[in-house]
Amino acid sequence: MTQSTQTQSMTTEVDTRPAEEILGQYPADARYLISVMQDIQLRYRYLPREALERVAERLGVPLAKVYGVATFYKAFSLTPKGEKELRVCTGTACHIRGAPLILSELTKRLGIKPGETTPDMLFSIEAVNCVGACALAPVVVVNDVAHGNVSVTGVRRLIKAPRKSGGAGGGTNKTTKKQDN
Amino acid sequence: MNPLRLVVQPQHCIGCRACELACAFTHGAEGQPGASRCRTLTVGKDEYVPVLCLQCDHAACVQSCPTGAISQDPVTKIVHVDQEVCVRCMACTVACPFGNMHFDPNGQFVHKCDLCAGHGDYPRCAMFCPTRCLSVERMEPVS
Amino acid sequence: MDTVRYETVDAFRDHAAALRGSDLARRRRVLVCCGTGCLAGGARGVAEAFAEHLPDNKQTELGLVVKRTGCHGFCEKGPLVVLMPRGTFYRGVKPKHVPEIVERSVVGDEVIEELLYVDPGTGKPVAGYGDIEFYAKQTRVAMRNIGLIDPANIDDYMLRGGYDALARALSTMSPEQVLQTIEAAKLRGRGGGGFDAGRKWRSCKRAGGDVRYVIANGDEGDPGAFMDRSIMEGDPHAVLEGLIIGGYALESSQGYIYVRQEYPLAVEHLQRAIEDARGRGLLGENILGSGYSFEIEISRGGGAFVCGESSALMRSVEGKVGEPRAKYIHATDKGLWDRPTVLNNVETWATVPCIVEKGPEWFTGLGTERSKGTKAFSLVGKVKNTGLVEVEMGTTLRQIIFGPGGGMLDTGERGKFKAVQTGGPSGGCVPESLLDLPVDFDTLTEVGSMMGSGGMIVMDHSTCMVDVARYFLSFLVDESCGKCVPCREGLFQMYQIVSRICEGKGTPADLDKIDDLSQAIILGSLCALGKSGPNPVLSTLQYFRHEYEAHINEKRCPAGVCKALITYSVVNDRCDGCGACLSACAVGAIMGTPKKGDTFKIDALACDRCGACVAVCKRGAIAVA
Amino acid sequence: MEQTGPSTFYMTINGRRVQASAGEYVLDVTRRNGIHVPTLCHHPAVEPFGSCRLCMVEVTKEAWKGWKGLMTACLYPAADGLVIETDSESVHRVRRNVLDLLLARCPDSGVIQKLAAEYGVTRTTFTPRENPDLCILCGLCTRVCETAATAAITTAMRGHERVVGTPWGGPPPDCIGCLACAHVCPTGHITFEEHGLTRSIWGREFELERCADCGKPLPITRDQAAFLCRRQEMDPSYFSRCADCQRKMVAERMGRMARWQTLGLAQEPAERGKEVAR
């Protein structure tokens with residue numbers, strides 16, 4: 001359930017231009033740290049070290065503090081997230097209406113634990129706190145689209161479509177998009 | 001009372017090291033002698049110089065301390081290390097241009113001459129100096 | 001209507017009067033709920049279908065407007081469409097229904113019976129909004145506009161009296177008078193502890209200095225609570241207006257709204273509202289020409305429950321890790337950036353304009369002796385009508401759950417009411433014997449629970465109370481900031497003990513250990529998260545001790561929830577061999593061939609007791625023992 | 001602004017009347033009066049933090065009508081008329097549990113074992129941590145690094161996962177190797193090594209500054225010297241010689257002066273020459 005602190009294993013160069021662009025939208029003041037990081041997380045789907053180094057330099061916050069903030073808040077991830085981020089609400093209402101079942105079903109089907117990403121970078125599972133859609137419990141949020149009253153079988157549908165086309169590589173984005181309504 | 005000042009006149013020093021002993025015994029703990037804050041150096045044949053803290057104004061040790069553990073008493077003018085606040089980064093031991101910040105490797109603390117403040121409030125080294133090498137005088141009142 | 005900037009209070013009043021007398025105010029309204037719940041049910045498609053079938057010119061021609069509104073609260077039945085002023089209420093609307101609705105109910109004057117809400121009590125369809133029990137038993141103050149207005153439209157807010165209170169405060173009241181009004185209303189903070197808002201404002205004002213801050217806490221972290229979300233999404237101007245009035249009373253020039261990271265729509269709507277209000281001269285420099293200037297900035301949270309705690313929230317606004325500080329020096333003296341700060345919850349701020357407009361006597365006329373006004377609750381869990389309800393303080397739990405809530409969801413022995421959890425992870429579980437408890441800040445605390453932000457989770461006999469305690473502990477272990485020992489290590493150890501009990505490995509001595517450790521955590525923790533952390537365990541232990549004892553002494557989970565203590569088996573005479581369970585089982589523990597008449601078996605050793613088979617079995621042929 | 005109270009006042013600690021002044025914390029007052037209150041996360045070099053909860057004491061006041069509260073002495077401001085008990089039953093309950101919990105976290109820490117034994121805990125009654133280390137997460141290291149150095153280390157994660165560490169777990173780029181963190185660590189969790197001219201801590205190696213005269217290693221690193229010059233606004237020459245060589249220089253110079261003095265000269269001839277030339 002925790003974010004991995006391991007050093008980025010991928011050695012590919014990270015393009016820091018989007019991060020610079022985001023930094024350009026904020027005054028160089030330490031108080032915008034969290035906002036800047038949120039925008040970076042949105043853009044990259046994680047917080048690349050290279051980007052955070054720019055942030056630390058620009059906002060005048062020690063890198064260690066930036067790292068502390070990045071690991072404290074659940075919104076941030078230091079490892080890249082999958083194309084589809086499945087956020088299983090584990091709020092009380094969802095819990096008593098079967099969220100643990102949904103979560104275990106997802107982890108079993110995808111073979112990853114909450115907080116992890118499938119090796120093909122298609123799916124990430126997160127067990128998140130109440131998303132505030134309790135009336136629809138249990139809820140799974142897929143890339144900001146909430147799916148309510150999810151059943152065990154319904155959950156399988158959430159992870160089915162992109163799986164099939166997963167082997168074809170980059171050109172399959174369109175087929176995955178459709179799934180979100 | 002006006003602040004004290006240690007006066008060193010090396011021409012009178014005979015290298016007996018009574019000052020070092022007096023200092024070590026004064027600042028020791030539980031009857032054990034501690035390291036002396038006063039060091040007598042031999043500079044030539046029969047020429048000795050006792051080196052002690054000068055309690056400088058705007059001292060380098062004070063300036064170098066990142067935790068503000070070293071300060072000069074506004075009244076007594078004694079430069080004092082607050083052991084509680086000290087984090088033993090050793091900056092002061094290097095920064096003192098006179099080499100008068102000492103580190104006790106056993107007790108793991110930085111120490112310096114405090115003119116025997118709290119130990120009789122009168123420099124013991126001067127008391128035990130058999131010659132006129134180490135003496136004490138009172139400074140003019142601080143304006 | 002063209003954008004106008006009100007240079008004076010009179011200009012505002014003239015424009016508001018013109019607006020209210022205009023054709024816009026008289027038009028019929030088609031309200032499509034676009035709250036998070038309905039959006040998840042496909043409300044966007046419904047709204048788009050309405051836009052397609054009723055283009056602007058046709059709307060004018062028919063003398064109506066189509067509005068995308070915030071949450072109506074009746075999320076269970078979404079997507080919802082309401083036709084005003086008649087109040088026809090359609091639930092479960094799909095895009096394919098839209099042409100029919102337009103033809104028969106918008107152009108025509110008919111009611112489509114199939115889309116009406118069916119009263120579970122009488123089994124008869126209910127035509128009108130106000131006739132539905134869910135709404136009829138509510139008194140809406142903080143949620144007064146939600147569902148009735150388009151949150152992205154400032155005119156909509158003004159049509160319902162919006163910003164009148166601000167204009168009144170700026171033109172006829174001194175800051176001191178506003179403060180006195182709040183004091184006289186005996187308004188208590190809606191976010192948790194129920195601290196007297198007037199007292200808080202007063203001590204901040206007394207703290208001196210030129211710079212003061214006001215903050216709206218929209219970090220609704222309690223699982224099972226989403227009132228603040230609905231307010232921010234559905235009526236953002238109400239929060240702004242409250243905050244501006246508060247800023248004026250406290251002579252502050254800067255306000256912040258701290259919104260949970262999980263609520264992107266709330267951020268969007270608040271941002272829009274801020275821009276619109278600024279454009280009209282209701283926010284920013286020299287508001288309504290009064291000489292008073294005030295700015296509001298939105299601060300997005302990073303996803304940490306502890307940031308609902310005021311001192312942690314302020315650190316987060318400062319861009320730091322959300323660690324609470326000791327409160328021996330109050331935030332009203334040294335808060336945000338060490339300046340005097342007033343922090344109130346979103347619902348509290350949304351209530352402020354009503355008090356200023358209608359007067360403190362009106363507010364104190366509602367509620368109980370020590371808790372005035374109304375309170376919004378999110379009613380969720382095993383009730384028929386889940387959603388948002390706002391009722392007068394002092395309404396009993398029974399009235400809420402069996403009134404607007406419509407009673408228990410499931411029938412049968414296991415579907416009976418067992419407990420209601422209030423106050424989130426800081427609260428507790430209230431048993432059936434206390435159902436007639438009038439709900440206010442103090443009564444709930446007296447019975448070992450808490451008002452909290454207003455989450456109300458109804459539990460039936462299929463819920464294991466030990467498991468609920470474990471659930472909250474695991475939540476808190478995860479959400480503790482980890483700064484102080486009792487909370488970080490103590491709640492973790494408590495979780496270990498309760499987990500052991502759930503696994504059937506508990507001993508009677510564990511219950512004493514829980515008690516001793518709880519006291520130490522309550523006494524020793526730094527902030528409210530830790531101090532109230534043992535509440536869910538203590539309250540379940542107080543009212544449901546027999547369940548703990550069943551786990552410990554008989555190694556039995558009465559509710560059939562704790563995995564280590566249950567087994568699944570197939571009831572042969574109910575099973576029709578459909579094979580649904582076969583594909584549901586991820587570990588292949590079910591044996592049999594899907595055909596009529598075959599008998600299935602569950603391999604107890606291979607079974608990981610996930611419950612997937614139970615969930616998919618339509619005939620209830622899988623028994624839990 | 002009107003004065004809210006006198007700057008010195010009296011409070012009662014364990015039945016003893018003691019003087020205190022505004023701006024002090026309760027812990028300052030107990031320490032000054034030799035009343036023992038245990039602490040683990042307190043250090044005068046940094047702001048009080050209140051994370052270990054050991055210094056909790058029972059506080060009341062006559063005006064509170066019998067209400068008593070447990071407060072952390074390190075953070076509770078001293079005030080007129082406070083009545084404080086440092087060893088009441090509830091104080092002991094918190095301390096005993098806290099130490100029991102810390103013992104479960106760090107069973108091998110001598111410091112914790114000793115303190116826990118004082119409160120009757122010789123073995124933890126909780127589930128001991130798997131693969132324990134000596135870190136009790138008091139946060140002294142990170143706080144001292146922030147105040148006295150570069151904030152190169154931090155607490156990462158939260159809740160029970162909280163750790164003290166470096167960015168991405170690697171060698172901390174901002175670290176100056178001053179060892180302040182290691183020296184303030186109450187349990188000895190932070191370790192370092194020194195071999196010849198190299199000092200290593202937090203998985204990073206630092207080159208020690210060398211004495212410009214004798215070449216021996218100085219007890220500060222090059223990065224530390226650069227940092228001190230920058231932050232304390234000092235000339236690099238202050239950090240270039242060892243204390244022995246500094247003393248030697250002073251002694252030689254004083255010796256020379258003494259020699260001239262015995263000869264009846266007030267100043268060294270060379271110096272006088274310089275002055276005349278000027």
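Listed by chain and residue number, nothing satisfies the side-chain hydrogen bond (donor to acceptor under 3.5 Å, both in side chains) test with C:K94 (two or more places apart in sequence, or in another chain).
With chain C as partner, the option from A:H95, A:K108, A:Q41 having the largest number of non-hydrogen pairs under 4.5 angstrom is A:H95. The greatest number of non-hydrogen atom pairs below 4.5 Å with chain C, out of A:V141, A:L33, A:N129, is found for A:N129. For the set A:T92, A:I102, A:I96, the entry with the most heavy-atom pairs within less than 4.5 Å of chain C is A:T92. Interface remark: of the candidates A:V131, A:V152, A:L101, A:L101 forms the most heavy-atom pairs closer than 4.5 Å to chain C. Heavy-atom pairs under 4.5 Å with chain A peak, among C:F305, C:F74, C:F472, at C:F472. Put simply, of C:A225, C:G322, C:G42, the one with the most heavy-atom pairs under 4.5 Å next to chain A is C:G322. If you tally non-hydrogen atom pairs under 4.5 Å between each of C:S316, C:G424, C:A304 and chain A, the highest count goes to C:S316. In terms of non-hydrogen atom pairs under 4.5 Å with chain A, the most contact-rich of C:S378, C:G301, C:G41 is C:G301. Ranked by non-hydrogen atom pairs under 4.5 Å with chain A, the options C:G611, C:S462, C:G45, C:P223 are led by C:P223. Among A:T90, A:T153, A:N149, A:V61, the residue with the largest count of heavy-atom pairs under 4.5 Å with chain C is A:T90. Your options are C:S299, C:A580, C:G381, C:G455, and the one with the most heavy-atom pairs under 4.5 Å with chain A is C:G381.
Looking at A:K65, there are no atoms closer than 4.5 Å to chain C (heavy atoms on both sides), in backbone or side chain. With a 4.5 Å cut-off on non-hydrogen atoms, A:L136 touches chain C through its side chain but not through its backbone. Proximity to chain A is limited to the side chain of C:D608, based on heavy atoms less than 4.5 angstrom apart. With a 4.5 angstrom heavy-atom cutoff, C:V616 touches chain A only via side-chain atoms. With a 4.5 angstrom heavy-atom cutoff, C:V561 does not touch chain A via any of its atoms. For chain A, the nearby part of C:L409 is the side chain; its heavy atoms alone come within less than 4.5 Å. In this structure, chain A has no heavy atom under 4.5 Å from any part of C:C613. Proximity to chain C (any heavy atom under 4.5 Å) is shown, for A:A137, by neither the backbone nor the side chain. With a 4.5 Å cut-off on non-hydrogen atoms, C:C307 touches chain A through its side chain but not through its backbone. C:E479 touches chain A through its side chain: at least one heavy atom from C-beta onward sits under 4.5 Å away, while N, CA, C and O do not. A:S151 does not touch chain C: none of its heavy atoms, backbone or side chain, sits under 4.5 Å away.
Within the 4.5 Å cutoff, no side-chain heavy atoms of C:E323 are placed close to those of C:R315. Side-chain atoms of C:M465 and C:K418, non-hydrogen and from C-beta on, do get closer than 4.5 Å to each other. For the pair C:E262/A:V128, no side-chain contact is recorded, criterion being any heavy-atom separation below 4.5 Å from C-beta on. Two residues are said to be in side-chain contact when any heavy atoms from C-beta on lie closer than 4.5 Å; C:V477 and C:F492 meet this criterion. Side-chain atoms of A:R49 and A:L63, non-hydrogen and from C-beta on, do get closer than 4.5 Å to each other. With a 4.5 Å cut-off on side-chain heavy atoms, A:V155 and A:V88 do not count as touching.
Looking at A:E126 and A:K81, a side-chain N of the basic residue comes within less than 4.0 Å of a carboxylate O on the acidic one, giving a salt bridge. Electrostatic pairing of A:R45 and A:E83 does not count as a salt bridge here, judged by no charged N lying under 4.0 Å from a carboxylate O.
How far CD1 of C:I457 is from SG of A:C130: 8.0 Å, rounded to the nearest 0.5 Å. Taken to the nearest 0.5 Å, the CD atom of A:E85 stands 7.5 Å off from the OG atom of A:S77.
C:D467 places no side-chain N or O within 3.5 Å of a backbone atom of C:C562 that could act as its donor or acceptor partner. C:Y258 places no side-chain N or O within 3.5 Å of a backbone atom of C:V317 that could act as its donor or acceptor partner. For C:S449 (side chain) and C:G428 (main-chain N/O), a donor-acceptor pair under 3.5 Å exists by modelled atom type. Between the C:E318 side chain and the C:W337 main chain, a donor and an acceptor come within less than 3.5 Å of each other.
Interface residues of residues 16-26 of chain A toward chain C, defined by a heavy-atom distance below 4.5 Å and sorted by number: A:Y26.
Between C:Y263 and the options C:E220, C:E233, C:R300, a side chain to side chain donor-acceptor pair (under 3.5 Å) holds for only C:E220.
Heavy-atom neighbours of C:R44 CZ from other residues, nucleotides or ligands within 6.0 Å: at or below the threshold of 12.
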